[in-house]
Every structure is written in C-alpha cells, then in structure tokens.
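Any value given below was found using the heavy atoms of this structure, including those in side chains, with hydrogens, waters and symmetry copies removed.
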Amino acid sequence: NVIKSETSVEGQVRMVFDVATGEVVSSEGSGKVRFYYKALDPNGGDDHEIDLVMTAESKIESRKP
C-alpha cells in the first residue's frame with residue numbers, strides 16, 4: 001500500500017591537518033538524513049504520511065596552543 005517512499009543523505013566535512021605530525025588540528029561537519037513515507041491505510045482508506053529529517057553539526061576548534 002506504499003504510495004511513495006524516499007530516503008536521502010547529504011553532508012560535508014572539512015578537516016585541517018598538521019603536515020608535520022599528520023594529526024587533525026581542527027574539523028567541522030554537517031549533515032542531514034531525510035526519510036519520507038506515504039501509504040494508504042488498507043482498513044480505512046486514509047493516507048498516512050511520515051517526513052522525518054535528522055540533522056547534525058559538529059565543530060572542533062584548533063587543538064594547538
């Protein structure tokens with residue numbers, strides 16, 4: 001009874017490395033996951049719809065003094 005179902009993912013990350021040691025000095029990232037679902041209820045004929053969006057962001061400032 002599914003009318004429509006979609007899933008999408010998007011995101012980006014930026015990292016800065018210390019060339020001498022290879023360690024991560026700072027980083028930041030963000031992303032989003034979206035899930036969409038629409039279906040017909042077989043018992044009542046009503047449409048049921050879910051649109052779920054999860055987002056995340058992170059940032060680590062410079063670890064060097």
Side-chain angles (χ1 to χ4, degrees):
N1 297 335
V2 175
I3 297 170
K4 188 174 185 180
S5 178
E6 298 176 338
T7 303
S8 63
V9 179
E10 62 184 70
Q12 60 183 9
V13 174
R14 180 179 175 270
M15 299 179 91
V16 177
F17 291 90
D18 181 330
V19 178
T21 64
E23 295 178 356
V24 177
V25 175
S26 65
S27 69
E28 60 183 282
S30 63
K32 177 170 73 170
V33 176
R34 179 177 182 259
F35 172 74
Y36 177 81
Y37 179 83
K38 185 175 183 178
L40 182 66
D41 181 356
N43 298 316
D46 296 333
D47 286 348
H48 293 276
E49 187 173 24
I50 298 172
D51 191 6
L52 177 65
V53 179
M54 296 178 286
T55 60
E57 291 185 20
S58 67
K59 186 172 187 176
I60 299 173
E61 296 293 331
S62 177
R63 297 182 188 182
K64 298 287 183 179

From CZ (F35) to CD (E6), nearest 0.5 Å: 10.0 Å
For D46, all residues meeting side-chain hydrogen bond (donor to acceptor under 3.5 Å, both in side chains), sequence neighbours excluded: none
ILVMFWY network linking V19 to V16, side-chain heavy atoms under 4.5 angstrom: no
Gap between atom CZ of R14 and atom OG of S30 - 0.5 Å precision: 12.5 Å
N/O donor-acceptor pairs under 3.5 Å from side chains in residues 52-59, not counting sequence neighbours:
none

Min side-chain heavy-atom separation D47-L40 under 4.5 Å: yes
For the student: nearest non-hydrogen atoms of V25 and F17, plus distance: CG2-C, 3.9 Å
Ion pair D51/K38, N-O distance below 4.0 Å: no
Spatial distance of atom OH (Y36) from atom OG1 (T7) [nearest 0.5 Å]: 12.5 Å
Rounded distance [0.5 Å steps], CE in M15 versus CD in E23: 11.5 Å
